[in-house]
Number of protein chains: 2
Amino acid sequence: MERRNTPTKQAVLELLVKSGKAMSREAIEKEITQNINRATIYRVLNRFCEDDVLHRIVAEDGKQYFAVCVNCYDKVLSGHHFHFRCVKCDTIECLPIAVEFSISNSYQVDNVNCVLSGTCKDCSV
Amino acid sequence: MERRNTPTKQAVLELLVKSGKAMSREAIEKEITQNINRATIYRVLNRFCEDDVLHRIVAEDGKQYFAVCVNCYDKVLSGHHFHFRCVKCDTIECLPIAVEFSISNSYQVDNVNCVLSGTCKDCSV
DNA sequence: TAATTATTGCGAATAAATCGCATTTACATG
DNA sequence: CATGTAAATGCGATTTATTCGCAATAATTA
């Protein structure tokens, strides 16, 4: 299953890069200029996640958010990091704060999902 | 809106106390002996959350889980703590591991939701 | 015992995410 | 440059979690 380059994929990725935050399917559909089918957006996002281009965060609203996380190249962010979900502007940003914990090795940890939520600095005025 | 004591509420709470873990509506409905309507279970759970009898965790599967968190009286657990979701037995347990972070006070943090997931110690054999 | 109103059951409604299938399109190859 | 193959897309239907409206039931208090 080789990947092909399409205007749709480019547009989604560009939007996410430009926003610098994690966005939901809904937010993407709202902000993107071209008309892209809902199911297609999900498929594009899922493929990007498989290819490690995006990462997926599930917030306490139960919805999925997707982020390029440009800053993941940072040391702090290369591992697991906290996310902040602003309930006002409905975006999630990657925080440069590492998630640290130590747990018995009888547990096998496959995934880490840490989301703080509230009002972000841009909306708190 | 005063609360009334009903067999339904008792049964749900007893089950959660006995299990000692966080359970989804689905798991509750499966394990509870009496017949309780789906919508009612949700309402009972939501009311318990309002009354701080239960707390709600949203896992990366996007579903809600509810826990009595008996150990919340512990010092470590009285604040925010990590949760562990086992993908095999579909339960979530409160871990005695505090969530620690320091964030600019230009962010207003209202909620913390941290879930590790993988295989729990009981299922990892 | 009766009155008040919280609680429940039932069915429909919402909403996120996925799926099947026919159609379109990217792209490698001749 | 034409063309075949499979990836990608659009559309509509489906699945699943959660909530809602409303009528019926039941807990509590007087």
Side-chain angles (χ1 to χ4, degrees), chain A residues 1-16 22-51 53-67 85 87 90-92 111 113 115 117, chain B residues 1-16 22-51 53-67 85 87 90-92 111 113 115 117:
Chain A
M1 167 99 99
E2 275 169 45
R3 292 287 140 86
R4 291 179 184 175
N5 200 23
T6 67
T8 297
K9 294 170 69 173
Q10 287 175 33
V12 170
L13 191 53
E14 268 173 35
L15 175 58
L16 282 169
M23 299 174 74
S24 64
R25 186 270 315 159
E26 193 188 357
I28 292 171
E29 203 171 326
K30 203 178 294 173
E31 293 203 20
I32 213 160
T33 53
Q34 45 246 272
N35 237 36
I36 310 180
N37 182 269
R38 178 164 308 193
T40 301
I41 296 186
Y42 278 117
R43 279 183 293 224
V44 166
L45 292 170
N46 284 332
R47 267 178 254 138
F48 276 144
C49 283
E50 282 173 31
D51 299 345
V53 173
L54 300 182
H55 67 286
R56 179 193 326 259
I57 308 111
V58 178
E60 356 73 76
D61 60 359
K63 298 200 304 188
Q64 306 183 352
Y65 292 75
F66 301 85
R85 180 170 87 95
V87 296
D90 193 40
T91 58
I92 294 191
N111 202 347
N113 195 70
V115 183
S117 66
Chain B
M1 168 98 98
E2 275 170 46
R3 293 285 139 89
R4 292 179 184 175
N5 200 23
T6 67
T8 297
K9 293 170 70 172
Q10 286 175 34
V12 170
L13 191 53
E14 269 174 32
L15 175 58
L16 283 169
M23 299 173 73
S24 63
R25 186 272 314 158
E26 193 188 357
I28 292 173
E29 204 171 325
K30 203 178 292 173
E31 292 203 20
I32 213 160
T33 54
Q34 45 245 273
N35 239 35
I36 310 178
N37 182 269
R38 180 165 307 194
T40 301
I41 297 185
Y42 278 116
R43 278 183 292 224
V44 166
L45 292 170
N46 284 332
R47 267 179 254 137
F48 276 143
C49 283
E50 283 173 30
D51 299 345
V53 174
L54 299 182
H55 68 286
R56 179 194 324 259
I57 307 113
V58 177
E60 357 73 77
D61 59 1
K63 298 200 307 189
Q64 306 184 353
Y65 292 74
F66 301 86
R85 179 170 87 96
V87 296
D90 194 39
T91 58
I92 294 191
N111 201 348
N113 195 70
V115 183
S117 65

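On a predicted model such as this, the values are computed, not experimentally measured, just so you know. Here is the naming used below: chain letters follow the sequence lines, and residue numbers restart at 1 for every chain.
- Among the heavy atoms of the strands lying under 4.0 Å from B:N35 are primed sugar atoms or P, OP1, OP2 only; no base atom is included.
- The nearest whole Å value for the distance from the CG atom in B:L45 to the C1' atom in D:dA17 is 13 Å.
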Below 3.5 Å between N/O atoms, which protein atoms pair up with nucleotides 26-30 of chain C? Just atom names and distances, please.
unit_1 : atom_1 : unit_2 : atom_2 : d
C:dA26 : O3'    : A:N5   : O      : 3.3
C:dA26 : N3     : A:R4   : NH1    : 2.8
C:dC27 : OP1    : A:N5   : N      : 2.9

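- In this structure, B:D61 places its CG atom 13 Å from C1' of C:dA16, rounding to the nearest Å.
- For B:D51, the CG atom sits in a packed shell: over 12 heavy atoms of surrounding residues, nucleotides or ligands are nearer than 6.0 Å.
- Spacing between atom CG of B:N37 and atom P of D:dC22 amounts to 17 Å, rounded to whole angstrom units.
- Nucleic acid contact for B:S24: none, since no nucleic acid atom lies under 4.0 Å from a heavy atom of the residue.
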Using the rule given for side-chain contact (heavy atoms from CB on, under 4.5 Å), can you reason through A:K63 versus A:R25, listing the C-alpha separation, both sets of side-chain angles and the distance that settles it, and then say yes or no?
CA-CA 9 Å; A:K63 298 200 304 188; A:R25 186 270 315 159; over 6 Å; no
Could you give me the CA-CA distance, side-chain angles and deciding distance for B:R4 and B:K9, then say whether side-chain contact (heavy atoms from CB on, under 4.5 Å) is met?
CA-CA 9 Å; B:R4 292 179 184 175; B:K9 293 170 70 172; 5.7 Å; no
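- For the pair A:C49 and A:H55, the tightest heavy-atom approach, listed with the atom from each and the gap, is SG-C, 4.2 Å.
- Looking only at atom types and distance, the side chain of B:Q64 has no donor-acceptor partner in the side chain of B:S24 under 3.5 Å away.
- Remark: B:E26 does not engage B:R38 in a salt bridge, criterion side-chain N to carboxylate O under 4.0 Å.
- At D:dT19, none of the side-chain N or O atoms of B:Y42 fall inside 4.0 Å of OP1 or OP2 (strictly under the cut-off).
- Nearest to the side-chain atoms of B:A39 among the listed nucleotides D:dA8, C:dC19, D:dC20 stands D:dC20.
- Between D:dA8 and A:K9, a contact under 4.0 Å exists linking OP1 or OP2 to a side-chain N or O.
- A straight line from CZ of A:R25 to C1' of D:dG10 spans 15 Å, rounded to a whole angstrom.
- The interatomic distance linking B:R38 (CZ) with C:dT14 (C1') rounds to 15 Å, in whole Å.
- Per the geometry, CD1 belonging to A:I41 stands 13 Å off P belonging to C:dT18, to the nearest Å.
- OP1 or OP2 of C:dG9 sits under 4.0 Å from a side-chain N or O of B:T40.
- Atom CD1 of B:I36 and atom C1' of D:dA26 are 15 Å apart (whole Å).
- Residues A:L13 and A:F48 are in side-chain contact: their nearest non-hydrogen atoms beyond the backbone lie under 4.5 Å apart.
- A donor and an acceptor atom sit less than 3.5 Å apart, one in the side chain of A:R43 and one in the base of D:dG10.
- If you measure from atom CZ of A:R56 to atom P of C:dA16, you get 16 Å, rounded to the nearest angstrom.
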